[in-house]
Amino acid sequence: MDNSEIYSCRQSAGRYAVSIRNRQEIVSALATFCKDKNIRSGEISGIGAVDKAVLRFFNPQTKQYVDRTFTGQMEIAGLAGNISTLDGEIYLHLHITLGCEDYSAKAGHLLSAVLSGAGEFFITDFGTELKRTFDPDLRLNCYDF
Ligand code: FE
């Protein structure tokens, strides 16, 4: 499948440099890339800029998620995450730190973000499948190995 309107990439050994196109939503673009390359475990890092992001904070006391949307031009100071599978589907666990115009930062679990400028990512394929299952005590999808 040709997803060149979403991203372009170069590969060297087990690593990929991925350039996501401007105005694309990052999380779905990264998931599309992993699906296209059949990457079922690995590591993601990235930098770039966005103008909208939905971040999530998990409160371990209440075991509830709190989601919040941020808008305005923000630098991706750092995106770090991993690739695994849940119920056979590719599952991305991503955290992001966003730098704002006043040099303050917002950070959290990344649900979605829209690129506003460049999006430069490196993805390492771990070369196997790493599964997750839902842990009912923690109420989190945890590694199952
Ligand atoms: Fe998280």
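When a ligand or atom number is given, it counts from 1 through the structure's own listing order. Note that this is a predicted model, so its numbers are computed, not measured.
- Between the Fe ion (ligand 1) and the N, O or S atoms of His109, the shortest distance is to ND1.
- You'll find the side chain of Leu98 reaches within 4.5 Å of the side chain of Ile76, heavy atoms only.
- Through direct or relayed side-chain contacts under 4.5 Å between Ile, Leu, Val, Met, Phe, Trp and Tyr, Tyr91 connects to Leu86.
- Within His93, NE2 is the N, O or S atom that lies nearest to the Fe ion (ligand 1).
- Within His95, the N, O or S atom at minimum distance from the Fe ion (ligand 1) carries the name NE2.
- Residues Asn82 and Ile44 fail the side-chain proximity criterion, which asks for heavy atoms closer than 4.5 Å.
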Inset, instruction - Applying ring pair (Phe, Tyr, Trp, His ring centres under 6.0 Å), run through Phe33 and Phe121 and close with a yes or a no. - result: CA-CA 11 Å; Phe33 174 82; Phe121 300 85; 9.8 Å; no
